[in-house]
Amino acid sequence: MQAIILAAGMGKRLGELTKGNTKCMIEVGNETLISRLLHQLDKQHISRIVLVVGYKAQELKDYLATLSFNTPIEFVENTVYDQTNNIYSLYLAKDYLTTEDTLLFESDLIMEDAVIEKLLNHPYPDLALVDKYESWMDGTVVTIDEENRIQRFIPNSQFKYEEIPSYYKTVNVYKFSQQFSANMYVPFMEAYCTALGKNEYYEQVLRVITMLDNSSMRALPLTGEQWYEIDDIQDLDIAESIFTDHQYDLLCSRYGGYWRYPHMLDFCYLVNPYFPNQRMRDELSASFNRLLTEYPSGQRVNSLLAAKDFGVKQDYMVVGNGAAELIKVLFEQVLGKVGVIRPTFEEYPNRLIPEQIVAYQTQSPDFKYTADDLMQYFADKKIWSLVLINPDNPTGNYIPYADCLRLAQWCQERNIIFILDESFIDFSTEHPTFFCNDILEQYSNLVVIKSISKSYGVPGLRLGILATSNAMLMTNLRRAVSIWNINSFAEFFLQILGKYERPYQQAMNDFRAERERFVEELQAIEYLRVIPSEANYLLCEVLPPHTPRELAIQLLKQHNILIKDCTSKCHAPYIRIAVRDTNDNNQIIAALRTLR
């Protein structure tokens, strides 16, 4: 068995990164793509590695001369790399193809060892590695039958989004037997190049061959093995977050966008697993084309929609592009010091300079605190406002409704702006709300904020709401936000939300039942101490011999599960685990049980 690697291309889409080097010299995690692939192949004890080079060929050869490999490396040079495509590069290596069995690679791929081993260890001689199509993939896709015969090679021009469930993406890694290459592939490739020229793709020859009744080519689907194709700087960024030793840190630094990692289970970010229901999703989908091509309404109309949905006067309501926008514009109005509770959601204190923060730190081993604790602590502190997230994040601590009213009254008497964040209140057993005209009018110092992302399960829409009867503050907030600060999809969600109140309440009941079950399962993990929570996440103390960081890294590397290391927030060994649906929760329980 030999390997052929196509490495002649210029990699123009990578811009400055390939100005002085070929694409395969791009580094991922301090190692070049070509060095990584050659070392992976070197471990497989194959007979030789053939590199087809072109752009910056001598620089590539000089670089490889500095590395050490046991496997012989031979070069084939495509001197017209800028006028041809990869079919010609492979054509130049045709004499190698016909001499022995071959593994064929493109040099812009990065993969784990298991991908190569899967291909090598499979007994079938002629295989195309494929993977279920995902949104990040680009290029040729195929369909296969129940016996993994390739039915169709589908180019971009024939791609149909409605057929995505049946599509597999070619990984651009193949195994050709010597017989297949000599009797089928090379003759067809020579004829194809003669008829259609050298500026084509070698997969087009496979497309023709698979149409024949006697074609021996089969597909070999991957089953979770990691790989990535690097065509541009975004691909490089994602590849680095998958294949480096700092994968956990790089993923956390993205602050979301995990739809790009379809096989990863995200127990870090906090959304409702039971809402929206399918009917609401279908209604949103049915209006997609209209919403995509039409402007949203202005702030006045959107505040009217939100006021209707949450039962308050329009004059008291402002809508934000997520709660984060509202926090930003609200804290631009801050006139003095702000009382915060720690550990907490850092978006609030991050909007302040350190001198403005007056922090209450609970001494309870379960991070519990009460309204009386807060009133006692801040009684002699000169603060302009007090921020309470209820339930709090990451602790899940909850202050009952009656006690929150007492806290609002206490703040009113002291002329303190009381900022109450209800983003997680609907997950609580009591689930009250301060989005109420009577309460807002009674406490003109009260500002209530809610992230729609969390309880309504739509973080991609970026929706948040804020309510206050403080007319001057509301005027300033409306001036601070853009007239078109939310998109048409978010506006439509607000428009139809009222129709789904009953499914929403049922979703919350389902969630609370699942949270109770999930807590019981987590409590049985001997190295975790679960903190009681009224939110959609659970703070857990990590007991020896494990540490939060080690646990988070192991879950990610071994099980593709992402959790939140809260050590820096809690100044103690804690993790936060989101509550997802039963199937997902069972997966993390099973994974945690393996880490003893």
Side-chain angles (χ1 to χ4, degrees), residues 5 14 17-18 21 23-44 63-64 66-70 105 107-118 131 134 136 171 173 222-269 527 542 544-569 573-577 587-588 591-592 594-596:
I5 303 173
L14 281 158
L17 293 176
T18 53
N21 283 309
K23 188 195 292 190
C24 65
M25 295 269 291
I26 293 293
E27 289 188 359
V28 177
N30 298 319
E31 184 176 18
T32 64
L33 291 177
I34 192 64
S35 171
R36 180 188 176 97
L37 180 55
L38 290 174
H39 280 112
Q40 288 175 307
L41 292 172
D42 202 36
K43 293 186 292 186
Q44 303 301 330
Y63 167 70
L64 295 181
T66 68
L67 306 178
S68 176
F69 304 103
N70 293 319
F105 299 88
S107 64
D108 58 358
L109 295 171
I110 186 169
M111 66 199 77
E112 60 179 330
D113 291 351
V115 173
I116 299 173
E117 291 165 0
K118 188 181 188 83
D131 203 358
E134 302 288 353
W136 63 266
V171 180
V173 177
L222 294 176
T223 52
E225 295 86 357
Q226 297 275 18
W227 68 282
Y228 216 85
E229 182 178 14
I230 302 175
D231 285 325
D232 54 37
I233 56 173
Q234 178 178 302
D235 292 336
L236 177 59
D237 181 62
I238 294 174
E240 286 177 335
S241 67
I242 297 174
F243 290 99
T244 70
D245 292 336
H246 305 293
Q247 179 187 13
Y248 178 76
D249 298 318
L250 289 171
L251 279 171
C252 290
S253 70
R254 298 180 73 89
Y255 298 103
Y258 296 143
W259 52 268
R260 293 181 173 90
Y261 307 85
H263 300 295
M264 186 177 74
L265 272 179
D266 175 16
F267 278 85
C268 185
Y269 281 81
Y527 56 83
V542 180
H546 295 286
T547 66
R549 182 172 178 80
E550 167 259 326
L551 199 63
I553 291 172
Q554 283 195 60
L555 283 173
L556 184 60
K557 285 191 172 182
Q558 298 179 25
H559 302 279
N560 216 5
I561 292 174
L562 183 67
I563 63 170
K564 178 74 171 177
D565 176 2
C566 288
T567 303
S568 60
K569 273 193 175 189
Y574 284 86
I575 58 173
R576 189 191 67 196
I577 301 175
Q587 287 191 57
I588 194 172
L592 288 167
T594 68
L595 307 178
R596 300 188 179 275

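Computation of the quantities below employed the complete heavy-atom set of this structure, encompassing side-chain atoms and omitting hydrogens, waters and symmetry-equivalent molecules.
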Who are the salt bridge (Lys or Arg N to Asp or Glu O under 4.0 Å) partners of [X], not counting sequence neighbours?
X    : result
D245 : none
D108 : K23
R260 : none
D232 : none

Give a yes or no answer on whether the side chain of H39 reaches the backbone of S35 with a donor-acceptor pair at less than 3.5 Å. yes
Does D42 reach the main-chain N or O of N70 with its side chain, forming a donor-acceptor pair under 3.5 Å? yes
If I take atom [atom1] from residue [X] and atom [atom2] from residue [Y], how far apart are they, to the nearest 0.5 angstrom?
X    : Y    : atom1 : atom2 : result
N560 : Q226 : CG    : CD    : 5.5 Å
I553 : I563 : CD1   : CD1   : 10.0 Å
L37  : M111 : CG    : CE    : 5.5 Å
Y261 : Q247 : OH    : CD    : 8.5 Å
I230 : I26  : CD1   : CD1   : 8.0 Å
K564 : I577 : NZ    : CD1   : 13.5 Å

Which heavy-atom pair separates [X] from [Y] by the least distance, and what is that distance?
X    : Y    : answer
Q44  : Q40  : CG-O, 3.5 Å
M25  : T32  : O-CG2, 3.4 Å
E240 : L250 : O-CD1, 3.3 Å
C268 : R576 : O-NH2, 2.6 Å
V171 : L109 : O-CD1, 3.3 Å
D231 : D235 : N-OD2, 2.9 Å

Can you find a heavy atom in the side chain of [X] that is under 4.5 Å from one in the side chain of [Y]?
X    : Y   : result
Y63  : I34 : yes
V28  : R36 : no
F105 : L41 : yes
L38  : I5  : yes

Exactly one candidate in I116, V115, I110 meets side chain to side chain contact (heavy atoms under 4.5 Å, CB included) with E112; the answer is V115
Option passing side chain to side chain contact (heavy atoms under 4.5 Å, CB included) with I561 (candidates D266, L556, L592, L265): L265
Please test L555 against F267 for side chain to side chain contact (heavy atoms under 4.5 Å, CB included), starting from the C-alpha separation and ending with a verdict. CA-CA 11 Å; L555 283 173; F267 278 85; over 6 Å; no
Pairwise ring pair (Phe, Tyr, Trp, His ring centres under 6.0 Å) hits with a residue in residues 227-258, at least two apart: W136-W227, W136-Y228, Y258-Y269
Could you please spell out the steps behind the side chain to side chain contact (heavy atoms under 4.5 Å, CB included) verdict for D249 and R549? CA-CA 10 Å; D249 298 318; R549 182 172 178 80; 2.7 Å; yes
Does atom CD1 of I233 have more than 12 heavy-atom neighbours, drawn from other residues, nucleotides or ligands, at distances under 6.0 Å? no
Side chain to side chain contact (heavy atoms under 4.5 Å, CB included) between H263 and E134, worked out: CA-CA 10 Å; H263 300 295; E134 302 288 353; 3.8 Å; yes
Quick one: salt bridge (Lys or Arg N to Asp or Glu O under 4.0 Å) pairs with a partner in residues 553-562, sequence neighbours left out? none
